[in-house]
Amino acid sequence: MMELFVAGCSTSWTERATSCYLVNKHILFDCGEGTVKNITKCLGEKVVKSIDTIFLTHFHTDHLFGITPYIAQILNGYAKVPEKLTIIGPKGLKKIIKFFIPNHVYSGKVDWKKKLVLKEIKTFNEKFVVDDIEVSCHKLNHGNLCDVGYLIKTKDGVLGYTGDCIYDKNLLAFIEKCNTAICDVSSEKDNYAHMGVEGYTKLKKEFPNKKLFAVHCSNEVFTQAKKFGLTLLKDQIFYDFDGKTLIKK
Ligand SMILES: [Zn+2]
């Protein structure tokens, strides 16, 4: 059994929430800026404070920068349920997460190694088991960066989450292994770092029997989804009203 909640699936540059997919109410795939606010608004404090595992595809703001509140709460003992937070991601993860640690210890001497488990992916195809879900890691390409695509396997099938990536042979091999996939479709045309509607259309022709959802869409692509024939993953569209004038008389 798997429950997937989309806390956000957009880029930083829209009014929609940034990338964050919540599985079984305690596992996150990506953690874009605003994640804590977005999940709290929809599911409440109990859920937002129960996160104990975070998989990261890569280190861009719209996939990573919601993570600091989680680091702060685990180090300072504010978390409701988990005693430890496990963060899994590509090479470079330890350096990035360790940078945040000294700034998020508020008092006393905290032994962060007892609270934070950092796992850098060493080899692709590496597998992690959480609950009864098996998560395997696959190399996808995001411009000159490596992006880790995750295959989330349950007894009911395989869900793929690409993170940000281009249309290439790695993506084709990844989609081949999925029943359903959540795919980066950022723009109309493919570009050096992202697949666009162009690549997504080819992908759908290549794999007519798979359910392929388009996410991470620019406003242009999002508003013209119908015209482009996109299957959009239903997104909780959050607006952060802080600092905004809601009523003006
Ligand atoms: Zn990115």
Side-chain angles (χ1 to χ4, degrees), residues 7-13 17-23 26-36 51-75 82 84-105 110-130 133-152 160-171 173-174 181-184 186 191-195 215-216:
C9 63
S10 187
T11 70
S12 299
W13 298 97
T18 55
S19 306
C20 180
Y21 302 82
L22 173 64
V23 169
H26 70 106
I27 309 162
L28 296 184
F29 285 83
D30 279 339
C31 191
E33 65 257 40
T35 286
V36 167
I51 306 303
D52 59 15
T53 309
I54 303 177
F55 288 89
L56 297 170
T57 57
H58 64 296
F59 306 130
H60 282 158
T61 61
D62 52 334
H63 298 258
L64 166 72
F65 273 13
I67 209 164
T68 51
Y70 285 108
I71 294 171
Q73 74 154 353
I74 200 80
L75 293 180
K84 281 184 183 180
L85 175 65
T86 302
I87 307 173
I88 299 156
K91 199 164 175 275
L93 174 95
K94 289 185 180 174
K95 196 176 168 192
I96 286 177
I97 300 300
K98 282 180 187 173
F99 171 79
F100 296 125
I101 292 172
N103 292 307
H104 288 90
V105 175
V110 175
D111 183 359
W112 69 266
K113 285 182 182 163
K114 287 188 176 158
K115 306 261 187 177
L116 268 180
V117 182
L118 306 179
K119 293 184 181 175
E120 270 184 18
I121 293 159
K122 291 190 186 74
T123 52
F124 288 101
N125 286 319
E126 199 169 341
K127 292 184 173 76
F128 299 90
V129 176
V130 193
I133 297 167
E134 182 191 274
V135 180
S136 61
C137 312
H138 301 267
K139 185 180 187 301
L140 299 175
N141 297 302
H142 181 26
N144 56 1
L145 296 175
C146 164
D147 170 276
V148 181
Y150 291 105
L151 291 179
I152 306 160
Y161 169 48
T162 67
D164 292 359
C165 70
I166 58 168
Y167 176 95
D168 66 357
K169 64 176 177 29
N170 286 29
L171 179 66
F174 180 81
I182 301 168
C183 307
D184 169 17
S186 289
N191 63 37
Y192 73 101
H194 297 274
M195 181 162 71
V215 297
H216 212 253

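All residue numbers refer to positions in the sequence shown, counting from 1.
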Atom [atom1] in [X], atom [atom2] in [Y]: separation rounded to 0.5 Å?
X: Ile166; Y: His194; atom1: CD1; atom2: NE2; answer: 11.0 Å
X: Lys98; Y: Leu116; atom1: NZ; atom2: CG; answer: 10.5 Å
X: Asp52; Y: Leu28; atom1: CG; atom2: CG; answer: 9.0 Å
X: Phe128; Y: Thr86; atom1: CZ; atom2: OG1; answer: 10.0 Å
X: Thr18; Y: His60; atom1: OG1; atom2: NE2; answer: 14.0 Å
X: Phe59; Y: Leu93; atom1: CZ; atom2: CG; answer: 5.0 Å

Any side-chain donor paired with an acceptor under 3.5 Å for His63 and Asp164? yes

Could you pull out the closest heavy-atom pair between [X] and [Y], with the gap in Å?
X: His216; Y: Ser19; answer: CD2-OG, 3.6 Å
X: Gly92; Y: Glu120; answer: N-OE2, 3.2 Å
X: Ile54; Y: Cys31; answer: CG2-CB, 4.3 Å
X: Ala7; Y: Ala17; answer: O-CB, 3.4 Å

Give a yes or no on whether the backbone of [Y] and the side-chain of [X] come within a donor-acceptor separation of less than 3.5 Å.
X: Glu33; Y: Ser12; answer: no
X: His142; Y: Ala193; answer: yes
X: Tyr150; Y: Leu56; answer: yes
X: Asp147; Y: His58; answer: no
X: Asn170; Y: Asn141; answer: no

Start with the C-alpha distance between Thr162 and Asp184, add both sets of side-chain angles, then the distance that settles side chain to side chain donor-acceptor pair (under 3.5 Å), and finish with yes or no. CA-CA 7 Å; Thr162 67; Asp184 169 17; 5.8 Å; no

With Ile27, the side-chain contact (heavy atoms from CB on, under 4.5 Å) member among Leu22, Ile152, Thr53: Thr53

Indicate the ring-plane relationship of Phe55 and Phe29, choosing parallel, tilted or perpendicular according to the 30° and 60° boundaries. parallel

Taking side chain as C-beta onward, heavy atoms only, is Ile96 less than 4.5 Å from Leu64? yes

Is there a side-chain contact between Ile88 and Ile121 (heavy atoms, below 4.5 Å)? yes

May I have the step-by-step check of side chain to side chain contact (heavy atoms under 4.5 Å, CB included) for Val135 and Tyr161, ending in yes or no? CA-CA 10 Å; Val135 180; Tyr161 169 48; over 6 Å; no

For side chain to side chain contact (heavy atoms under 4.5 Å, CB included), just list the numbers for Val148 and Phe124, CA-CA rounded to whole Å, side-chain angles, deciding distance to a tenth of an Å, and then say yes or no. CA-CA 9 Å; Val148 181; Phe124 288 101; 4.1 Å; yes

Carefully, step by step, assess Asp62 and Trp13 under the rule side chain to side chain contact (heavy atoms under 4.5 Å, CB included). CA-CA 9 Å; Asp62 52 334; Trp13 298 97; over 6 Å; no

Verdict with reasoning, Phe174 to Cys183, per side chain to side chain contact (heavy atoms under 4.5 Å, CB included): CA-CA 11 Å; Phe174 180 81; Cys183 307; over 6 Å; no

